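In what follows, every chain begins at residue 1, and chains take the letters A, B, ... in the order their sequences are listed. Only this structure's heavy atoms are used, side chains among them; waters, hydrogens and symmetry mates stay out. Just so we're clear, the structure is a prediction, and the values are computed from it rather than from any experiment.
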Number of protein chains: 2
Amino acid sequence: MSLTLIERPASDSVIIDNLRKRGYKATSQRIAICRLVLSSREHPTAQSIYRDVKRLHPTVSLATVYKTLQVLNEMRLIQQLPLPLSETRFDSNVDPHLNAVCLQCRGVTDVKDQTLSKVVSRAASKTKFKVTGQRFDLYGVCDKCARRSGITA
Amino acid sequence: MSLTLIERPASDSVIIDNLRKRGYKATSQRIAICRLVLSSREHPTAQSIYRDVKRLHPTVSLATVYKTLQVLNEMRLIQQLPLPLSETRFDSNVDPHLNAVCLQCRGVTDVKDQTLSKVVSRAASKTKFKVTGQRFDLYGVCDKCARRSGITA
DNA sequence: GTGCTTGCAAAGCGTTTGCAACGGA
DNA sequence: TCCGTTGCAAACGCTTTGCAAGCAC
């Protein structure tokens, strides 16, 4: 047995157990979609997940992708990130962290910050707000794009 | 002359100056929309702004509202807040703060937190990300709704 | 076998766009 | 006058929904 901490447990058996535990059927489409989303760090869109799932399930529909993402959202295993970029991104990191959103390449990168959980609990107690989720976004230009623009310009 | 700090300067002359300074024409529709959005603390939607502007300008169109909101966004006087609630909210507070989003009544309340600007600058220097904007959201249930549910349930 | 899930198509809905008429500067 | 802006309608694109067939349990 391994003692290594798996940061994002997305093995099929864990996924299947979680689905059944909540009364959802573990269909092969669902498992494939869950595996993709839960193991991704790219903050994928519904379309990009659809594209990837089709490799394994060529007949899968976009509607099934959306429905499965809703299920994962209800299970609190992912979070929706509607952005001012038309398409919603999905984040399998549901703990307090920063999303650095590059408005040039549209990339989204997680940034850890230990103080954010304190910010959440402080605000919750101050305002008596029952917090069930949170998102912290930074908008701007990532280093890679800044360098590229600098060279090009 | 007044020495009082106006928290949200939204007087017509300031709005007109700002528009002209950036090369935009100061039409009466635009001024009315700007005044409404910039003075609101309710995080209004395009529809709610449209409804309010129609009182002064019964013939105004929703398209004009959207176009003006884009102008204000470009001028960095407001911020778009796409939420997982179908409609985008608009926030005239562009400084780092928390938006407490009640998933029950759909209300959005600003919460001040002095440490957020430090969080932003720390993340920016750590990741070399050029920050041009930010948003920090809490999702859950506000105190008012929690009490109401408690009594009802 | 039962009832949830799938896949297809169509609908829904917030937002954007094209364009002729209008009106600030 | 000139060119940006308005208002209308249509288009757009992401997301959701209805429904018959399929499949998990």
Side-chain angles (χ1 to χ4, degrees), chain A residues 12-13 15-34 36-37 43-51 53-75 78-90 106, chain B residues 12-13 15-34 36-37 43-51 53-75 78-90 106:
Chain A
D12 286 6
S13 60
I15 291 169
I16 293 168
D17 285 354
N18 265 288
L19 285 170
R20 291 193 181 147
K21 208 179 295 173
R22 317 248 188 160
Y24 295 111
K25 287 185 181 171
T27 66
S28 58
Q29 294 94 323
R30 247 180 206 164
I31 296 165
I33 294 165
C34 291
L36 268 169
V37 184
H43 305 75
T45 65
Q47 279 288 349
S48 77
I49 296 160
Y50 174 56
R51 221 180 301 120
V53 180
K54 271 209 288 196
R55 287 178 199 155
L56 267 167
H57 293 270
T59 66
V60 82
S61 70
L62 193 50
T64 300
V65 172
Y66 275 108
K67 284 168 189 165
T68 303
L69 289 171
Q70 274 179 2
V71 167
L72 284 169
N73 196 51
E74 279 164 31
M75 291 166 74
I78 64 166
Q79 194 187 13
Q80 295 177 253
L81 298 181
L83 292 174
L85 299 167
S86 70
E87 275 182 284
T88 293
R89 315 283 290 240
F90 295 87
R106 301 196 166 194
Chain B
D12 286 6
S13 60
I15 291 169
I16 293 169
D17 285 354
N18 265 289
L19 285 169
R20 290 193 182 149
K21 207 179 294 175
R22 316 247 189 161
Y24 295 111
K25 285 186 182 170
T27 66
S28 59
Q29 294 95 323
R30 248 182 208 164
I31 296 165
I33 295 166
C34 292
L36 269 169
V37 184
H43 304 75
T45 64
Q47 278 289 348
S48 77
I49 296 160
Y50 175 56
R51 223 180 301 122
V53 180
K54 270 209 288 198
R55 288 178 198 154
L56 267 169
H57 293 271
T59 65
V60 81
S61 71
L62 194 50
T64 300
V65 173
Y66 275 108
K67 284 169 190 166
T68 304
L69 290 170
Q70 276 179 2
V71 166
L72 284 168
N73 196 53
E74 278 164 32
M75 290 165 75
I78 63 166
Q79 194 187 12
Q80 295 176 253
L81 298 182
L83 293 174
L85 300 167
S86 69
E87 274 182 284
T88 293
R89 314 284 289 242
F90 294 88
R106 301 195 166 195

Closest to the A:Ala63 side chain, choosing from C:dT5, C:dG14, C:dC8: C:dC8
Reported OG1-to-CD distance for the pair B:Thr59 and B:Gln29, which is rounded to 0.5 angstrom: 6.5 Å
Distance below 4.0 Å between B:Ser86 side-chain N/O and C:dC13 OP1 or OP2: no
Atom-pair distance (CZ on B:Arg30; P on D:dG4), nearest Å: 11 Å
Atom-to-atom span, CZ of A:Arg106 to P of D:dC14 - whole angstrom: 10 Å
Length of the line joining B:Ile16:CD1 and C:dG23:P, which is rounded to integer Å: 18 Å
Residue A:Tyr66, side-chain heavy atoms: nucleotide from D:dC14, C:dG14, C:dG7 that is nearest: D:dC14
Gap between atom CG of A:Asn18 and atom CD1 of A:Ile15 - 0.5 Å precision: 8.5 Å
Whole-Å gap separating P (C:dT15) and CZ (B:Phe90): 6 Å
Side-chain (A:Arg89) to main-chain (A:Pro82) donor-acceptor, under 3.5 angstrom: no
Integer-rounded Å distance: C:dT5 P and A:Leu19 CG: 9 Å
Contact under 4.0 Å: A:Ser61 side-chain N or O vs C:dT6 OP1/OP2: no
Sub-4.5 Å side-chain heavy-atom contact between B:His57 and B:Ser28: yes
Between P of D:dT16 and CG of A:Leu69, the distance in whole Å: 9 Å
Most 5' of A:Lys25 and B:Tyr24 on DNA chain C, judged by nearest nucleotide: A:Lys25
Residue A:Thr27, side-chain heavy atoms: nucleotide from C:dT15, D:dT6, C:dT5 that is nearest: C:dT5
Distance, rounded to the nearest Å, where B:Glu87 contributes CD and C:dC13 contributes P: 11 Å
Sugar-phosphate, base or nothing in reach of B:Gln70, heavy atoms under 4.0 Å: sugar-phosphate
Touch class at under 4.0 angstrom, heavy-atom based, for A:Gln29 against every strand present: sugar-phosphate
D:dG7 base / B:Lys67 side chain donor-acceptor hit below 3.5 Å: yes
Touch class at under 4.0 angstrom, heavy-atom based, for A:Thr88 against every strand present: sugar-phosphate
Length of the NZ-C1' vector between B:Lys54 and D:dG7, whole Å: 12 Å
Spacing of CG belonging to B:Leu72 relative to CD belonging to B:Gln79, to within rounding of 0.5 Å: 13.0 Å
